[in-house]
Every structure is written in structure tokens, then in C-alpha cells.
**Student:** 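Mind looking over this structure? Questions follow.
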2 protein chains.
Amino acid sequence: MVYVEPHLDERCAACLVRDQALCASLADDELSALSAIGRTRPLARGQTLIWAGDSSSVCANLVSGVLKMATATADGREQIVGLLFPGDFVGQPFAEEASLTFAALTDASLCVYPREGFVEVLADHPALERLLLQRTMAALDDARSRMLTLGRRSASEKVAGFLLELGHRLPRRPGSGPAAGYVFDLPLGRAQIADVLGLTIETVSRQLTRLRTSGVIALSGRRTVAIREPARLKRLASTAGA
Amino acid sequence: MVYVEPHLDERCAACLVRDQALCASLADDELSALSAIGRTRPLARGQTLIWAGDSSSVCANLVSGVLKMATATADGREQIVGLLFPGDFVGQPFAEEASLTFAALTDASLCVYPREGFVEVLADHPALERLLLQRTMAALDDARSRMLTLGRRSASEKVAGFLLELGHRLPRRPGSGPAAGYVFDLPLGRAQIADVLGLTIETVSRQLTRLRTSGVIALSGRRTVAIREPARLKRLASTAGA
DNA sequence: CTAATGATTTGACCTAGGTCAAATACACCG
DNA sequence: CGGTGTATTTGACCTAGGTCAAATCATTAG
């Protein structure tokens, strides 16, 4: 007598985000509906998955890496409206035409679905739709708290808050801990941090040096940050006065 | 032989937004599930339906009037993160604790549901859930384009764009037309416009006088606006220079 | 290890928009 | 219709953060 595993696509079985991504809402044997229409795809740092203005594009689950979502004004001023981390859902399933550009900030890998197909699978799997709804509501909360930051916080509050947020979401470097500080690598350059926060490169740079000089953080190389005094950083993130 | 109408709650039958609100996704005979748990409720200008921090609150459909959604920093700086018009969905069905304050900018009336009950009805009515998902995605798009405005546009672009948007969403005054301009009443005071746009009262006021002086708009009373030159206003809304 | 190249930092300066403080202007009330 | 209280406008001034330009610095290719 042979034991037969429920069919589970091998990619999915090995998937790093099997239970963080939307897929977490599907039992092993339901997963085939999704995996049947999806294919994995690497995306190198700097590459764009979806361009704003593209018609009928794709959706995806982000498996590894970091993506940005961005819009721009007619004359080219850019605003990054969100960052995406492993397990996050990528794309605008109900938009005929994408309003955002999705691009990789680090080398990334995705599980990509054709938009229409994805919407159909959604209709057949209430649990999937429910989870997507919850994720979308959470994304909305995130967008709105970011609106508060953009509209009402000072440059130093913005930068401090941003570092704290990344510290939470990003994998910590080995050797990281309360003593040495929480150490991680920025997936964005100064220009991109500026585009997230509604500032200029120069202002971001000056704020970072101020934090370094005052001992709240340490910087090494272009991209490595250590949060030395989380408590002080937290205070700076929500204090109007400098 | 007597013809029996499918049961349709009398409130719903007379509802002004029966087919703009979420309810549009439900057939007359499904509507009872929702109307059974809902009750209509007036909300006077200035009153608050939900306070940020409230636990387990309510959801609603907005039947008439205009609401604001707002957050604030710890020290009291406020950001209005969205306006709600008749037919819009109100509340945060999946949040244990509200992160936003919902308050009436004009006298309003709502169709209010207990949060948990609403979530259950949602689970039983796929069409309802689908429509809510689409609305939520649309709200997310809106929030993100507002982020572009907050982060990257100048005061004059912000004000011009805001007037155009209200001109689209608000009922036009009688006598309104291409000739006299599109006339409507602002549901917000200067302070609230400032809180939407991430500006100060004074800057909003100065921008409005500038628009009036240059003949693009006309103002009468505190709250009535006439858009005299829509084309020029549109240009101002997307031009970096002045 | 060194040069080449783009990213970042730093400095000097400027301006959009904020702040503070009076005037006005509405709207509502008696 | 005049008085009162709040919302708005206007003015004078100031500053956070933008701009422009010039060093540095980190990285990668050789």
C-alpha cells in the first residue's frame, strides 16, 4: 500500500513564503489552482516588473527581496508609495491599467500570475479573497499612516521613523543585538529614501549624519546601519522639536 | 392571486444610495441580511462617529453628507487622510481598534452596522465581499496618489488639484455651467483644507486669494467656490512652476 | 593595488511656506 | 438692524529644508 501525498507543486512545497504569502489561506490541495497559473521569476536589482500605464499586467507574490511601488508627477518628481517585503502581494488585480511602477530594490524572486487568471482563482477561493481583503485593508492603514508622515512630520522625524520601520521589517545582521545595536543593510540608496519620505537626497544625508554624530546610529559602508540607541531614535521619531 | 414583492426593507427601498453603496452588489432579496443588522443614524456636522483608538466599533454606508477620516501625531498635528461622500463605505471592518477618526463635515446620514456582524454578512455574500475588495483597492489607489501630492507637490498645485477634485465629487450648484463656472459649496473650512493638503491655514488662504485675484476662481461667502477657468486650474494643478 | 565612476557628504546660499500678530469679514443672534 | 464671536485674510518676518556646486568616499573593473 502506497501513501500518496496530496498533490503539492514542488515549487510550492519548497516555497520560502508558503505561509506568509496569500497562499497561506489555501490548503495544500487547493494550492494547485494558483500554482497552475503561476510561474516563478527572478527580478534583478533595478529591474521593473510593472510600469505605471501598462495595461493588463500581472500580479505576484514576493518570495524574496524588496520591491518599491512608485508614482511620479507629469514632470518627473517621484514618490515611492510603499515598499514590499517577502510574502507581500504585488500588483493591482482590478486595475485595467497599472497606476504604479513596481521595481526591485534588491535582487528578488517572485511567483507571478496573469492578472485575469488570478482574479478568477480569487473568485473560486473565498479564503484567498478574504485574506487578500484583509491584506489590502492593512495596506490602506499603512498608506494612511504614511500620509501623516508626509503631510505633518519634520525631516528628522521622517528619517528616524523610517529607520525604525526598516529595523523591524528587515532581516538583522548576524552579531546584531541590544548591545551592538540592531544592524541591517538598507535596501535603498539615499535618493530612494528621499523619494519615500518626500525629501531631497541632501536632507536625508544631513539627517543621517546628525544621527550618527549624536551616537544614535552608526553607519558603515554606504548601506549598513546600526541602531545604537533605539529608545532615543523612537523619541526622535515622534518629537516635533528637532 | 396576490403578487408578493420580494421582501425589501422599506428603508432600503427608499435609500438614496441603494445602487452606489456596497449594497449595489446584493439583490433585493439578499439585502435583508444587511438591513437586519443595520440601522440608520443621522450625524450632525462636527460630530464624530468613530474615534481613533476606539475598540470594536462600527461600519457604515454613508447615505448623505461628507465625512472626514483623520489621524494625528502624538502632539496633536492632524492629517485628514480622506474624505467620504454618499455611497462610500465607512470604517475599518478588520481592525480590532480603529486607527482613524471618522467625523462629519456636514450634516450626514449613515446606515450603521456592528463591526462583527458586518464581517459575518460579508462572509456569506461573496458579491458583497468582492465589491468591498474592489472599493478598498480603489481607496488604496486614491491614498497613494494623495501621497504623491503630499510628498512632492507645491502648495499651489495642492490647492488647485484639491478644488478640481471637489468640483468633480460634489453636487454642483444650480446655475452652474461652463459659462458661469462650476459652482459648489466647500464642505470644509480653511483649517480642514490645510489638514487635507499638509499645509497651514494661512497658506491655503493665500493660495485661494491668488487664484481669485488671477480670475481662475471666484469666491463668495466663506464656502462657495466657482471654477471660472477649469483649463487654467488644471494646468496649475500639474505645473511645478508657481 | 589603482583608477574610474557613481553615490554620498558637506558647504553656502536661497526660498516656499511656516509663524506670529493684527485686521477684516461673515453669520448668527437677539 | 446692530452686536458678538469665530473664521478668514493680510502683513511682517523667520526658518526648515531646498538648490547648486564642490569635495569625498565606496565599489568595481582592471
Side-chain angles (χ1 to χ4, degrees), chain A residues 44-46 73 75-79 105-107 149-160 162-163 185-214 217-225 236 239-242, chain B residues 44-46 73 75-79 105-107 149-160 162-163 185-214 217-225 236 239-242:
Chain A
R45 164 198 278 216
T73 59
D75 61 334
R77 286 166 286 168
E78 179 167 319
Q79 176 67 48
L105 295 177
T106 66
D107 290 344
T149 295
L150 288 170
R152 292 300 187 205
R153 287 197 228 268
S154 69
S156 58
E157 292 173 288
K158 286 176 177 179
V159 172
F162 181 73
L163 292 178
D185 286 319
L186 292 171
L188 329 73
R190 303 291 183 268
Q192 289 160 333
I193 298 177
D195 285 339
V196 170
L197 298 177
L199 297 170
T200 58
I201 281 191
E202 294 93 330
T203 298
V204 171
S205 175
R206 282 189 249 266
Q207 293 298 335
L208 287 174
T209 17
R210 220 150 71 84
L211 290 173
R212 179 170 46 74
T213 305
S214 62
I217 64 171
L219 300 170
S220 74
R222 283 195 222 274
R223 307 186 93 105
T224 307
V225 179
L236 289 168
T239 301
Chain B
R45 166 199 276 216
T73 59
D75 60 335
R77 287 166 284 167
E78 180 167 318
Q79 176 68 48
L105 294 176
T106 66
D107 289 345
T149 295
L150 288 170
R152 292 301 186 203
R153 287 196 229 267
S154 69
S156 58
E157 293 173 288
K158 285 176 177 179
V159 172
F162 180 74
L163 291 178
D185 286 319
L186 292 172
L188 331 74
R190 303 291 183 268
Q192 289 160 333
I193 297 177
D195 285 338
V196 171
L197 299 177
L199 298 170
T200 59
I201 282 191
E202 293 93 329
T203 298
V204 170
S205 175
R206 283 188 248 267
Q207 293 298 334
L208 287 173
T209 13
R210 219 149 72 84
L211 289 172
R212 179 170 45 73
T213 306
S214 62
I217 64 171
L219 300 171
S220 73
R222 284 195 222 272
R223 307 185 92 103
T224 307
V225 179
L236 288 169
T239 300

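Throughout, a chain's letter reflects where its sequence line sits, starting with A, and its residues are numbered from 1. This structure is a prediction, so every number in the text was calculated from the model and none was measured.
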**Student:** Starting at CG of A:L186, measure out to CG of A:L163 and round the result to the nearest 0.5 Å.
**Tutor:** 7.0 Å
**Student:** Touch check for B:L208, heavy atoms < 4.0 angstrom, all strands: base, sugar-phosphate only, or nothing?
**Tutor:** nothing
**Student:** How close or far is atom P of C:dG17 from atom CZ of B:R77, stated in whole angstroms?
**Tutor:** 18 Å
**Student:** Return the 5'-most residue of the pair A:R223, B:R153 with respect to DNA chain C, ranking by each residue's nearest nucleotide.
**Tutor:** A:R223
**Student:** Ignoring backbone atoms, test whether A:T200 places a side-chain nitrogen or oxygen under 4.0 Å from the OP1 or OP2 oxygen of D:dT19.
**Tutor:** no
**Student:** Whole angstroms only, please: what is the CG-P distance between A:L219 and C:dT8?
**Tutor:** 11 Å
**Student:** Tell me which of A:Q207 and B:G189 sits closer to the 5' end of DNA chain D, going by the nucleotide each one is nearest to.
**Tutor:** B:G189
**Student:** Without decimals, in angstroms, what is the distance between A:L197 CG and D:dA16 P?
**Tutor:** 18 Å
**Student:** Are any of B:R190's side-chain N or O atoms less than 4.0 Å away from OP1 or OP2 of D:dT9?
**Tutor:** yes
**Student:** Look at the side-chain N and O atoms of A:S154 and state whether any lies under 4.0 Å from the OP1 or OP2 oxygen of D:dA16.
**Tutor:** no
**Student:** Heavy atoms only: give me the nearest A:E157-B:R77 pair and the separation to one decimal.
**Tutor:** OE2-NH2, 2.7 Å
**Student:** Given A:V204, which of A:L188, A:T209, A:L199 fulfils the side-chain contact (heavy atoms from CB on, under 4.5 Å) condition?
**Tutor:** A:L199
**Student:** Taking only N and O in the side chain of A:T203, is any of them less than 4.0 Å away from OP1 or OP2 of D:dG18?
**Tutor:** yes
**Student:** Among D:dC20, D:dA26, C:dT19, which nucleotide has an atom closest to any side-chain atom of A:R222?
**Tutor:** D:dA26
**Student:** Does any donor-acceptor pair link the side chain of A:R206 with the base of D:dT19 at a separation under 3.5 Å?
**Tutor:** yes
**Student:** Measuring from atom CD of A:Q207 to atom CD1 of A:I193, what distance do you get when rounded to the nearest 0.5 angstrom?
**Tutor:** 12.0 Å
**Student:** Quick one: closest heavy-atom pair of B:R212 and B:L219, and the distance?
**Tutor:** NE-CD1, 3.9 Å
**Student:** Identify, between B:S220 and B:E202, the residue whose nearest nucleotide on DNA chain C lies closer to the 5' end.
**Tutor:** B:E202
**Student:** In this structure, how many angstroms lie between the C1' atom of C:dG6 and the CD1 atom of A:I201, rounded?
**Tutor:** 11 Å
